[in-house]
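Everything below concerns the one structure shown next.
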Amino acid sequence: LDRLAKLGIEPIRIDYSPLSVIKTILAFMPKYRGTVFGALHIGAQHISFSLCDEGSPIYIRTIQRDDEDESKPKIIEGGEVPQTSKNDIDIPFLLTEMKRTIRSCSAYLKNERKVAHIVMTGEGHLPKIAKVIESELQIHCQELSPGLRSYVVLKDQYQSRQLGRVSGAIGAAVNGKKLFGRDFTLRRE
C-alpha cells in the first residue's frame, strides 16, 4: 500500500480475481444464480476454477499453466512447427486438470447435486475450448455472454467477445450488492 501511495493511488478495497469472475457471470448471466455452475478463467499464467451453488462460491482452485518453454518451437508429426499464439493453452493438460478438479469439488455438493454448467472467461479461443470441455466432461460449457435479464447490455458482437478478457475487472466494479459478504479492509490490520 505504501508503494501505491507514493504513486498517488489509495485503494479502498481489493477483490480476489476468481470471486470477481463469479460476480461478472452472475451479473451477465443471472439464470445461473439458482444452479450449480463452474467459472473457468484462463489467464496468461494461471487457470482458476470456481464452483458456485445457488449463487455462492463453495470451491476455488487455481492452477499454474503448464505451457512449455515458448523459446523452443514444438515439433509435430512430419517435422512441422505449428502456428500457435501466446494465448493458446495445452488442451490435454486443461482437460486432465478439469477432470481432477470436478472429481475433487463434487464432494462439496449436497444431495448428490452435480455441476450443470461451466462458464468460461479469459484468453484463448474459448468457443473451441468450450466444445472440447463439453464433449469430454459431458457438462454444458459456454463462454461468458450477456443473457436475458442481464444487468449489462452490449451494442455489438465485438464487445461481447472482449468480455472474457476483462471479466475480473468487471466483477470488481460490480460490487454494489456485496454478493459474498464484507469487503477486505486494507488499512485496519
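Note that the structure is a prediction, hence the values are computed from the model and not measured.
- When all heavy atoms are compared, the tightest approach of Val115 to Gly38 is CG1-N, 4.2 Å.
- Put simply, the side chain of Ile60 reaches to within 4.5 Å of the side chain of Tyr16, judged on heavy atoms.
- Ring geometry for His117 versus His140: interplanar angle over 60°, hence perpendicular rather than tilted (30 to 60°).
- For the atom pair Ile47 CD1 and Phe93 CZ, the distance stands at 5.0 Å (nearest 0.5 Å).
- In this structure, the side chains of Ile58 and Val36 stay at 4.5 Å or more apart for every pair of heavy atoms.
- Atoms CD and CG, from Glu136 and Leu94 in turn, are 11.0 Å apart once rounded to the nearest 0.5 Å.
- Proximity of His125 to Pro127: side-chain heavy atoms (C-beta onward) are separated by under 4.5 Å at one or more points.
- Side-chain contact between Met120 and Ile133: present, with at least one pair of heavy atoms (C-beta onward) separated by less than 4.5 Å.
- Side-chain atoms of Thr35 come within 3.5 Å of backbone atoms of Tyr32 as a donor-acceptor pair (strictly under, hydrogens ignored).
- Within 6.0 Å of atom NZ in Lys131, 12 or fewer heavy atoms from other residues, nucleotides or ligands are found, so the atom counts as exposed in its surroundings.
- At least one side-chain heavy atom of Phe49 sits less than 4.5 Å from a side-chain heavy atom of Cys105.
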Stepwise side-chain contact (heavy atoms from CB on, under 4.5 Å) test for Lys114 and Ile102 = CA-CA 9 Å; Lys114 295 191 185 304; Ile102 296 292; over 6 Å; no
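- Residues Leu19 and Pro57 meet the side-chain proximity criterion, which asks for heavy atoms closer than 4.5 Å.
- In this structure, the separation between CD1 on Ile25 and SG on Cys52 is 7.0 Å, given to the nearest 0.5 Å.
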request  = Kindly determine whether Ile9 and Arg3 satisfy side-chain contact (heavy atoms from CB on, under 4.5 Å), including the steps that lead there.
outcome  = CA-CA 9 Å; Ile9 300 171; Arg3 287 182 183 175; over 6 Å; no
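- Here OH of Tyr59 is found 3.0 Å from OG of Ser104. Values are rounded to the nearest 0.5 Å.
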inquiry  = Go through it in stages, so that I can follow the logic: the residues are Val119 and Met29, the test is side-chain contact (heavy atoms from CB on, under 4.5 Å), and I'd like the CA-CA distance, side-chain angles, deciding distance and then a yes or no.
reply    = CA-CA 9 Å; Val119 180; Met29 305 169 96; 3.8 Å; yes
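- Note that SG of Cys141 and CG of Leu40 are 7.0 Å apart. Values are rounded to the nearest 0.5 Å.
- Atom CD of Glu134 sits about 14.0 Å away from atom CD1 of Ile129, to the nearest 0.5 Å.
- When only modelled atom types and interatomic distance are considered, Thr121 and His41 share a side-chain donor-acceptor pair under 3.5 Å.
- Put simply, the side chain of Ile63 reaches to within 4.5 Å of the side chain of Thr101, judged on heavy atoms.
- Inter-residue side-chain proximity for Arg65 and Gln45 is flagged as unmet; no heavy-atom pair is nearer than 4.5 Å.
- Pairs of residues two or more places apart, or lying in two chains, that qualify as salt bridge (charged side-chain N to carboxylate O under 4.0 Å, His left out) and include a residue from residues 35-64 are Asp53-Arg113, Glu54-Arg113, Arg61-Glu97.
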key: Working for side-chain contact (heavy atoms from CB on, under 4.5 Å), residues Phe37 and Leu26   = CA-CA 10 Å; Phe37 75 91; Leu26 292 173; 3.9 Å; yes
